[in-house]
Amino acid sequence: MIRIGDAPGVRRLLIGVALVLTALFLLLPLVAIFAQALMGGIDLYWQNLSDRYTLAAIGLTLLVTLLTVPINLVFGIFLAWLVTRFNFPGRRLLQTLIDIPFAVSPVVAGLVYLLLYGRNGWLGGWLDGYDIQIMFAWPGIVLVTIFVTCPFVARELIPLMQAQGAREEEAAVTLGASGWTIFRRVTLPKIRHALLYGVILTNARAVGEFGAVSVVAGAIRGQTNTLPLQVEQLYQDYNTVGAFTSASLLALLALLTLAAKAALEWRAARRESLA
Amino acid sequence: MSIRISQIDKTYGATRALEPIDLDIRDGELIGLLGPSGSGKTTLLRIVAGLEQADGGTIHFGEREVTQVHVRERRIGFVFQHYALFRHMSVFENVAFGLRALPRRQRPSNSDIRTRVMQLLEMVRLSAFAERFPAQLSGGQQQRVALARALALKPDVLLLDEPFGALDAKVRQELRRWLRHLHEELGFTSLFVTHDQEEALELSDRVVVMSNGRVEQIATPDTLYREPANRFVFEFLGEVNRLEGDVANGRLTCGNASVSVPGVEPGRRELLLRPHEVHLAEHAIPAAHLPITVAAIVPVGAEVRLELEADWLEEPWLASVSHAEFERLGITRGRRLFALPSRLHGFDAAGAQNVALPVG
Amino acid sequence: MSIRISQIDKTYGATRALEPIDLDIRDGELIGLLGPSGSGKTTLLRIVAGLEQADGGTIHFGEREVTQVHVRERRIGFVFQHYALFRHMSVFENVAFGLRALPRRQRPSNSDIRTRVMQLLEMVRLSAFAERFPAQLSGGQQQRVALARALALKPDVLLLDEPFGALDAKVRQELRRWLRHLHEELGFTSLFVTHDQEEALELSDRVVVMSNGRVEQIATPDTLYREPANRFVFEFLGEVNRLEGDVANGRLTCGNASVSVPGVEPGRRELLLRPHEVHLAEHAIPAAHLPITVAAIVPVGAEVRLELEADWLEEPWLASVSHAEFERLGITRGRRLFALPSRLHGFDAAGAQNVALPVG
Amino acid sequence: MIAATLRRRASRRVLPGFGLSLGVTLTFVSLILLLPLTSLVGQLSQLSLSQYWFLISDPRILASYRVTLLAAAVAALFNAAFGLLMAWVLVRYEFPGKRLVDALMDLPFALPTAVAGVTLATLYSSQGWVGRWLETLGLPIAYTWVGIALAMAFTSIPFVVRTVQPILEDLPSEVDEAAVTLGARDGHAFRRVILPHLWPALVTGTGLAFVRSLGEFGAVIFIAGGKPFETEITSLMIFVKLQEYDYAGATAVASIVLATSLALLLVINLWQGRFTRRLHGGGA
Amino acid sequence: DQPRELLNASYDIARELFAAVNPKFVDWWQQQHDEQVSVKQSHGGSSTQARSIMQGLRADVVTFNQVTDVNVLADAGLVAKDWQAQYPNHASPYYSTTAFLVRKGNPKQIENWDDLARDDVELVFPNPKTSGNGRYTYLAAWAYADQAFDGDKAKIEAYMKRFLGNVEVFDTGGRGATTTFVERGIGDVLITFESEVNNIRSEYGQDGYEVVVPPVSILAEFPVAVVEEYAERNGNLDLAKGYLDYLYTEEAQRLLAGFNYRVNDEAVAAEFSDRFPQTELLRVEDVFGSWPEAMKTHFASGGELDQLQRR
Ligand SMILES: Nc1ncnc2c1ncn2[C@@H]1O[C@H](COP(=O)(O)OP(=O)(O)OP(=O)(O)O)[C@@H](O)[C@H]1O
Ligand SMILES: Nc1ncnc2c1ncn2[C@@H]1O[C@H](COP(=O)(O)OP(=O)(O)OP(=O)(O)O)[C@@H](O)[C@H]1O
Ligand SMILES: [Mg+2]
Ligand SMILES: [Mg+2]
Ligand SMILES: O=S(=O)([O-])[O-]
């Protein structure tokens, strides 16, 4: 087979440059995180990890993720079903709307929520009357995180479901299946991987959101600090090792995400090659 | 179950997919919808199935009007063009799907489902493949799974969209034959879509020829071939040679060629004929003086296909002659001969007109 | 430019794609490579092009050995199965590509390129489409662009991989005819791949029939059809009916059927015949007692195709009879008749054997 | 009226779930996306045009636009080159560790931006592993716009790679071969044949990287330095204005960022649509 | 059931301080009222904190580094209008001033504010727009120039321009500036609160840095107040008041002095007097009229600061 760029010299050069750049831009930062975290030895690392506030931040981050991911999962599925299975006026508009969070700077995202749910905002003022606090408490953090991560699942599903078409679902209808049966037995198995992939991405972003959360969190130690905010605060408290300890936790999570994604892709590729 | 389609029409945006259509299908008939791409075959089939809503008109299954009935309640089986098998389910589960989707009260027991599915797989000769996944089957096998799945709920009506379109010639032939047998055995009413003339002619009790959202002709295969209702049907059903010229005094003249066409109105006329209606001779006869040159020779099966060129022809004619005739005339490339049409067909607004010539 | 292929072979991993192959192509010949999927046609074509490296053997273009010569320097034109047009370039730019890619010294001036390209587009009858993009053309038009592009550098050898595979029947027929004319006009040597028998037979000066990486037969279309070298070629080139039985005393018996087969060795034998070699009669004759029942009737064009069933047959036979014969015998579904084979073909390790019977 | 039309259509739909999905989706979109954005509009509507103009054209803000645009442009261009190279290498070549490298390409999406920011600031400061060397070469990175561009580039690496990669994978080998049989050398074939195929994906990926970089905050603030007129990015200005209780100012500037990003996204989509139409048929 | 929780919203660099104060306060409250309570902290640029509180951050008390930030809350009705009168010393339990941290051996020979405007000096201090700390620095420099050039506006502005031009990095808060100077090794001088300067020396070792307290500087008051609106809602009004009261106790004052803040408790002040060089501390009100006035002329959009930074 004759392919462009297959001359050994060209190939070696390009691979070499690619590897060096990857090492410099991607691998090195990763190594640096762990190196900095372990700078003070493993004992200090554990001590930092088991710090009361770090534990609280881990807890809050988990809470936010556990709420955000299922909500966006459900929403993403409904949206994808809607825009790929039905034709209705405003379909394209809806698809464009869902991209807004990608275009909005996280700080702006935080700002708009603050404007709405802050005590001076019209919704926030009204809620304040009932003593319900959204901003500077976990509900606010969850809300902005949902905002920032809401496109991921839908964006994975829509192209796939569009490509797959509705034929199998139609076949199921002609065979008498109800809506729930169709979804559970026909659609879900087809989109399982994209769904999982969407969840992984949502999860990664939900865990790591910084800009939007920092606007609405209020930085109460042990209460509204998520892990990324904790990283920032520790970093500013002269506690580099502590900051990188939390950072290493997040980096570990990132690596798990990458591994999960690679595993999924590998399985999909294998299934394809078998089929 | 008979099907009565009255005044069904459908428009997509600016596209008129179906002009108002009437069609009566008798109980147990096997009907082929034949037409070029975009003629509205799939649209009509999907409307009958209830997968698409017509803009107007009614559909009856037997005495029951089903126009507003949801697909789920129409008791139809539908075989999709690319089968739409559930890829993640085994062959068995695909076929069992409809049974398992029944409301709990009506749903057969697991063992009954098993029996019924295995019986269906037996029927489509796939019992050995029950545990395979669709991707592990050949196209023809997938097609049969789709059929078994559609038949699992014992539909009154079976609808098939280009059931053999994606298969190669050999498998297609075999499946066609098999489908006809199945149809005769089970006796359901079926309606299938195809754009392959041979398939429609071979398989159907009656063929519905469509073009541009209209029904051009509804007839048995035999009638269709012999008495096409109009030019479209004639051209669509087989290869066609064209002869254009001026008719005067019962004779058509075109350059140095002429042929007697008794009964054809004078004026500029175009007549058509099929390759097997072209015979060859060493000499012209009074009724036909059509000098041609043999441009190419292709022996195919029982016949030899010839390409004939002439000054008076814009496009070459095709002729198919038997090997015997081929050898008798000692045909070679470049040989000059005379064409003797055994029949000429003329179509105009008024209808079809056939001219038989005393040849062959 | 003649082409000499000697002992070319190729293995992919565990797949033996080509057994050592020899093939001599004369200057100006149009050769078809015919064979079922996976038989190695594309592999051979790509090795000739230099797109693939053979494991062993040599290739000469005329007197020049090109086995180790890079594609770029082989002076071939290659037409890919799906055309591989450059989608982002206009038709004009596609055709001009090869000229523009020439080293500066050899590159014609822009106006020369323009002239040459327009001349090529004229030739493929696409001058009006110069500014269109490939996606705006029909399949047949794209095919012609691909041809013009391949011819722009005046190659000595034109190689085409299933040039008409993706086109529908009508367009395919037209393009075939057109390619043959072009070939005759320009006189390059061409080698094309197809898996369509009719195409190979219609287009080629000689056909190379391949299967499983081997050449089964190299012959003119006529010879190929009449004197197939082996069973594979026979079966591949058309529809086949099978007759299996025990031969004793020059007669083959199979259940209640029997037929005289003078000269066939005794023992279990399988004989083959084509649909047009099956004739029908109301009575058996001494040479053949083959009772059958008409199972299906399909009038197609000049002939009527029949499906014949019998106890002594595993698979039904196909027969094609003329309309005249059809009417003479008054054939209907279920009619019981006798089959009279006009010829029977037997193949064994030793070679081919034909039995002619005094029928028809 | 519209609702009635929708309902009528819905009752005739073959597949179930239209009403439910429409309900869920509209509720979600209204509450999560639209409602907050209206608050932005509400805030803006309290400004007169001249006030608005004054807020968004403040010289310091203007400088921040410049810095942001410049750094984002540099980051996007870097990623166009780097992404193209990586996509090419990952698709066309086999080498040990390829799967690892491939997986690493997604790191910037998986790694929280704040972590990226802290790490890059540490690495590229004059004390850091890399910064130390660059410093001796007279190339300070941290606290200059180069640092900002670096952080932006890091967080948007996957855009180009992941948009170009599938296109390159799908590019049939015949395209290469067709060019070669026509006598083209590698360079010529790459420029005239392969690159044009990748062009839509490359531009889209680069555009997305650019949009993302415009809005990037977490990764940038640690390395930005925040010198007025020199290293202040627009997101930071919004943040700063928020900290000054200057809601009007924050909203005004935010509206500019938002409008720019949306406009860019729209342009990318339209352009991509046009290009795709040309490649797949339809009007010229 | 749950112990009561008090939320103290404070400025950026007071994290360690209150981390030390809070447990002591908890003990103190336990002794006084036999009630187990807990204290939560929130830190950020002190203006940011005021903004957050207005938007709903439910702090019971604020411990800020700038009077204006509390005034904002008072204007919004969250804090009593007369908050400054409710506790001694204008409700400022401790105070500090702006000082310089230079690198070991003071290689650039920094002694006073005029050195900071030299061409060869690079400065690090937080952004006056976002940070109270930065504002004090700016005002201190201005106050110095005002004194040195006898109120000659042109000269003052020329000085200020050079001074601001020397800034290498503007962080959003005091902590960011410290990190930049110490961890990133940027700049020759870090200008921040005297307390912070000394804390850095203790944190990063005595040998790396030297503290320079200029002869003239600004008085940085650290005002405290109860956010009555919230404290009441949280049921913490007594606790909040107790917390602020506690800051004036001798125990707390000693603690504060230990963190290098100047205090008013005479006994404690005397005890720690060697730590705090005698300098002339100018009051914002004296030099600039009032805080609101200073804010308006200098820090508002298009104000003096923006003018000076324009180029
Ligand atoms: N969902 C749709 N939206 C818009 N137009 C449609 C739709 N479905 C079909 N059409 C149009 O309606 C006409 C008839 O289409 P239909 O699919 O019924 O044709 P067909 O005869 O089945 O053709 P083919 O042989 O290509 O399948 C065509 O012009 C087609 O473009
Ligand atoms: N690049 C390759 N790698 C591995 N096996 C290959 C490759 N190319 C071809 N083969 C194998 O070599 C054999 C011959 O393939 P080839 O493509 O030449 O067949 P073909 O006659 O052109 O078939 P088709 O009609 O399907 O195009 C097949 O078994 C095929 O699977
Ligand atoms: Mg169709
Ligand atoms: Mg091939
Ligand atoms: O906390 S500060 O406002 O001083 O930065």
Side-chain angles (χ1 to χ4, degrees), chain A residues 1-5 11 14-15 17-18 21-22 25-29 32-33 36 75 78-79 81-82 85-86 88 97 99-100 103-108 111-113 115-116 121 146-147 150 166 169-170 173 179 204 207-208 210-211 215 228 231-232 235 243 247 250-251 254 257-258 261-262, chain D residues 6 13-18 21-22 24-25 28-29 32-33 35-37 39-40 43 82 85-86 89 92-93 95 101 103-104 106-107 109-115 118-120 122-123 129 154 173 176-177 180 186 189-190 194 211 215 217-218 235 238-239 242 250 254 257-258 261-262 265:
Chain A
M1 198 143 64
I2 302 272
R3 299 220 78 175
I4 287 164
R11 179 175 35 210
L14 291 181
I15 293 177
V17 174
L21 287 177
T22 305
F25 281 105
L26 294 163
L27 205 53
L28 191 63
I33 295 172
Q36 296 271 359
F75 162 69
F78 272 115
L79 178 75
W81 181 263
L82 187 67
R85 294 295 179 257
F86 303 104
F88 56 94
L97 280 182
D99 276 346
I100 286 182
V104 173
S105 164
V107 176
V108 177
L111 168 67
V112 297
Y113 269 83
L115 289 176
L116 180 66
I146 289 177
F147 176 89
C150 72
E169 281 83 359
E170 285 185 352
V173 177
V207 166
F210 173 76
V215 174
V231 170
E232 186 212 15
Y235 181 74
L250 289 166
T257 303
L258 296 188
K261 181 175 169 266
Chain D
L6 284 179
R13 282 171 210 279
V14 170
L15 291 182
F18 178 73
S21 350
L22 188 70
V24 169
T25 306
F28 186 94
V29 167
I32 296 293
L33 290 176
L35 199 60
L37 287 177
S39 67
L40 189 84
Q43 185 81 28
F82 179 62
L85 171 71
M86 290 315 295
V89 167
R92 291 294 181 108
Y93 304 139
F95 53 93
V101 173
L104 265 184
D106 284 325
L107 181 69
F109 280 176
L111 198 66
T113 51
V115 174
V118 169
T119 310
L120 291 177
T122 306
L123 271 178
W129 295 353
F154 178 85
S173 57
D176 286 38
E177 292 174 347
V180 176
D186 280 11
F190 181 77
I194 297 194
V211 171
F217 177 70
S235 291
I238 298 172
F239 196 68
L242 280 180
V257 177
L258 193 62
S261 303
L262 282 178
L265 273 192

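Chain letters run A, B, ... following the sequence lines, proteins first and then strands; every chain starts at 1.
Ion pairing between D/R92 and D/D176 holds under the 4.0 Å rule for side-chain N and carboxylate O.
For the set A/V231, A/D99, A/L14, the count of heavy-atom pairs under 4.5 angstrom toward chain D peaks at A/L14. Chain A forms more heavy-atom pairs under 4.5 Å with one residue of D/G218, D/A110, D/A103, D/A114 than with any other, namely D/A110. Per-residue counts of heavy-atom pairs under 4.5 Å with chain A were compared for D/L258, D/L40, D/L107; the largest is that of D/L107. Annotation: maximal heavy-atom pairing with chain D below 4.5 Å, among A/T257, A/I100, A/I33, A/V215, occurs at A/I33. When each of D/P16, D/A189, D/S173, D/S21 is checked for heavy-atom pairs under 4.5 Å with chain A, D/S21 comes out on top. Ranked by non-hydrogen atom pairs under 4.5 Å with chain A, the options D/I194, D/V115, D/V101 are led by D/V115. Counting heavy-atom pairs under 4.5 Å between each of D/V89, D/V211, D/D186 and chain A puts D/D186 at the top. Among the candidates D/L85, D/L265, D/L37, the residue making the largest number of heavy-atom pairs closer than 4.5 Å to chain A is D/L85.
Between D/T122 and A/Q36, some side-chain heavy-atom pair lies under the 4.5 Å cut-off.
If you take SG on A/C150 and CG on D/L33, they are separated by 4.5 Å, rounding to the nearest 0.5 Å. Between the CD1 atom of D/I32 and the CG atom of A/L97 there is a distance of 13.5 Å, given to the nearest 0.5 Å.
Both the backbone and the side chain of D/F239 have a heavy atom closer than 4.5 Å to some heavy atom of chain A. At a 4.5 Å heavy-atom cutoff, the contact between A/V173 and chain D is made by side-chain atoms alone. When heavy atoms are compared at a cutoff of 4.5 Å, A/Y235 approaches chain D solely by way of its side chain, counted from C-beta outward.
Aromatic ring orientation, D/F217 versus A/F210: parallel (interplanar angle below 30°, classes split at 30° and 60°). Using the six-membered ring where Trp is involved, A/F75 and D/F28 have ring planes that are parallel, under 30° apart on the 30 and 60° scheme.
Closest approach of D/L104 to A/L258, counting heavy atoms only: CA-CD1, 4.3 Å.
A/E170 is linked by a side-chain hydrogen bond (donor to acceptor under 3.5 Å, both in side chains) to A/R167, B/R46, counting only residues two or more places apart in sequence or in another chain.
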